[in-house]
Amino acid sequence: MFASLDAFARRLADERANTLARQIAIAEIAAPTGHESRRADMIARSLSNRGHDVYRDAVGNVLARLPCSAPRVESCAPVVVMAHLDTVFSADVLPPVRRDGERVVMPGISDNGRGLSALVELAELLRAPNLVAQMQHPVELVATVGEEGDGNLRGARGYLDQREAVGASAPTAVIALDGPGDSLIVHHGIASRRVRVMFSGEGGHPWAEPHAANAVHAAGLAVAALACFSDAQAPGVTVTVTRIGGGESLTSVPARAWFDVDLRALDASTVPRLHNTVCRLVERERGDIAVTYHVLGDRPGGSLDAHHPLVRLAADANIALSRAIPAIAIGAGGNGGGTHTDHEWYDDTDASRGIARALAVVVGAASGALRS
C-alpha cells in the first residue's frame, strides 16, 4: 500500500510552498484557548473549498466527513484525524513572521500551524478516487478547540462525548497531527493535573507593618520547595511551576499571591500522589497565610500497546520511509523548536515526507489494516 502512494508523495513535494504558505497564514490568526473562532472559520472554509461537507459541533470543533467505498457509511466506525486549533499565546503576542535562514520564526508556526495545514492537505488528497475505493471506513477530519492549557482537551472530549450521546460507533482509530516531525510515534497519553495555589492574608504597610504575613513571601518559599521536589523526580514524572503572580501595589505588604503548577506522569496513579505532596510542601511553607487550591484541569492518561496494529502500521511506514517509500507519522513533517515561546520556529526541509506518512497511516487504518 505504501508503494502505491508514490504519486501522492511527489505531488506533496510539488505543493510544499503552498502548504507552508497556508501554515503561515494559519499561524497569523490569533487563536488563544477559548477564542479559536477566527482560525476555525479559516479551516472550515479551506475544508469546504475542497468539496467536503463541513459543520461545527456544540463545543466549536470544525468537522468534515470524507467518503469511503463501504455501504451504509453513516454506521461505519470512522478513522478520526484531529489537529488542535488553539495556541498558548494571547491575542497580543503575535510578532510578525520573520525568516532566519531556512527557518520561519513566529508563535504557533509549528504548534499547531503545521498540524492544521497538514489536515487541510489531507482533505485534498483523500478525495482521490483510487484512495476512496480502498477505504472501508470513513475518515473524519476534526479541528479541535481547547487543547492547550486551561482548555483541558475540551474539543476532543466534546467530540467523543457527542458521539457517545447519540449512540454512534466509537472511532476505529484516532490520529493526532500535532506539530512537526516525521519519525516519532507517540502511543502513550501522559496523565496531568494543573493546580492553582492561592495565598491570602491581611497585608499591610511595608514600613508601619513590616512583619505582616506576606503572601508573596509564602508563595516564593513554596515555589522554592517545589523546585527542589521537581529536581528529585525520576524520568516519567514532571512537576513545573508555570505561572506566578500577586501583590496589590509597589508599597504594600502583599495580601494575595498565587501560582500554577503542572503535574505530569506516564503512570496516571502517580498524579494524585504528586498533588498531595504539593499540598504538603505548600502547607509547610505557608506560615500564617491562608492557602486554597483549585484544580484547573485534569487529563487522563493511557497507553496503546507497542504491538497494537495502529502502532505497527506506523512502525512499518518508518521502515518504508528509510527505503524512500512514502510512509506515515503522527507529526506533520518538517522540523521545529522553541515551542510555546515567541521565538517558536519551523524548518520546512523535506517536510512533505511527514504528510505523505500521515496519508499512509490514515489510508491504511481506513482500509482495514488494523484488523490484521
Side-chain angles (χ1 to χ4, degrees), residues 5-31 36 38-50 62 64 81-89 93-128 141 143 147 175-184 321 324 326-362:
L5 295 173
D6 279 346
F8 291 96
R10 290 191 293 271
R11 174 176 168 180
L12 282 165
D14 292 340
E15 286 292 312
R16 258 185 61 199
N18 292 333
T19 305
L20 179 59
R22 179 172 57 242
Q23 181 176 340
I24 293 170
I26 290 169
E28 287 178 327
I29 300 174
E36 303 96 336
R38 287 182 57 235
R39 186 176 285 187
D41 288 343
M42 177 187 179
I43 299 301
R45 286 194 303 272
S46 297
L47 295 176
S48 181
N49 289 343
R50 283 156 178 81
V62 177
V81 186
M82 290 184 173
H84 70 86
L85 289 158
D86 57 327
T87 72
V88 301
F89 305 102
V93 184
L94 281 176
V97 60
R98 64 183 178 87
R99 301 276 182 164
D100 181 7
E102 295 297 318
R103 296 181 175 185
V104 178
V105 183
M106 65 184 304
I109 186 64
S110 285
D111 182 18
N112 194 27
R114 184 60 188 176
L116 289 167
S117 188
L119 190 77
V120 173
E121 195 67 33
L122 288 176
E124 177 71 26
L125 297 169
L126 289 167
R127 296 172 62 236
L141 306 179
E147 192 273 348
I175 300 156
L177 299 175
D178 197 352
D182 59 18
S183 60
L184 185 64
L321 182 65
I328 57 94
I330 299 305
N335 191 18
T339 306
H340 291 189
T341 71
D342 60 5
H343 53 270
E344 184 171 338
W345 60 268
Y346 173 78
D347 185 333
D348 200 50
T349 303
D350 295 326
S352 58
R353 296 190 310 187
I355 303 179
R357 299 173 74 219
L359 176 66
V361 76
V362 171

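We're numbering straight along the sequence, starting at 1. Only this structure's heavy atoms are used, side chains among them; waters, hydrogens and symmetry mates stay out.
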Begin with the C-alpha distance, continue with both residues' side-chain angles, and end with the deciding distance and a verdict on side-chain contact (heavy atoms from CB on, under 4.5 Å) for R114 and I109. CA-CA 7 Å; R114 184 60 188 176; I109 186 64; over 6 Å; no
So, does R39 use its side chain to make a donor-acceptor pair with the main chain of I26 at under 3.5 Å? yes
When rounded to the nearest 0.5 angstrom, what distance separates CD1 in I43 from CZ in R22? 8.0 Å
Let me confirm one number: the CG-OG1 distance from N112 to T87, rounded to the nearest 0.5 Å. 10.5 Å
Give, for atom CZ of R127 and atom CG of L122, the distance between the pair rounded to the nearest 0.5 Å. 13.5 Å
Shortest non-hydrogen contact between L47 and V120, atoms and distance: CD2-CA, 4.3 Å
V104 versus V97: any side-chain heavy-atom pair under 4.5 Å? yes
Side-chain donor-acceptor contact under 3.5 Å, E344 with T339: no
Can you tell me if S110 uses its side chain to pair, donor with acceptor, with the backbone of P180 under 3.5 Å? no
Out of curiosity, T341 OG1 to F89 CZ, how far, rounded to the nearest 0.5 Å? 6.0 Å
When you measure from the side chain of R50 to the backbone N and O of A123, does any donor-acceptor pair fall under 3.5 Å? no
Shortest non-hydrogen contact from F8 to A128? CZ-CB, 3.6 Å
Given 3.5 Å as the limit, does a donor-acceptor pair link the side chain of T19 with the main chain of E15, or not? yes
Which atom of I355 lies closest to which atom of A332, heavy atoms considered: CG1-O, 3.7 Å
Side chain to side chain donor-acceptor pair (under 3.5 Å) filter on D348, not counting sequence neighbours, yields R16, Y346
Can you tell me how far apart CG (D14) and OG (S352) are? Round to the nearest 0.5 Å. 9.0 Å
Under the 3.5 angstrom rule, does the side chain of S48 hit a backbone N or O of A44 as a donor-acceptor pair? no
Those residues that, when tested against R98, pass side chain to side chain donor-acceptor pair (under 3.5 Å) (two or more places apart): none
Compare all side-chain heavy atoms of E28 with those of M106 and state whether any distance is below 4.5 angstrom. yes
If we ignore hydrogens and angles and just use 3.5 Å, is the side chain of N335 paired with the main-chain N or O of D347 as donor and acceptor? no
To the nearest 0.5 angstrom, please state how far the CZ atom of R11 sits from the CD atom of E121. 7.0 Å
For the residue pair A25 and M42, what are the closest heavy atoms and their distance? CB-CE, 3.8 Å
Do L177 and L116 come close enough that some side-chain heavy atom pair is under 4.5 Å? no
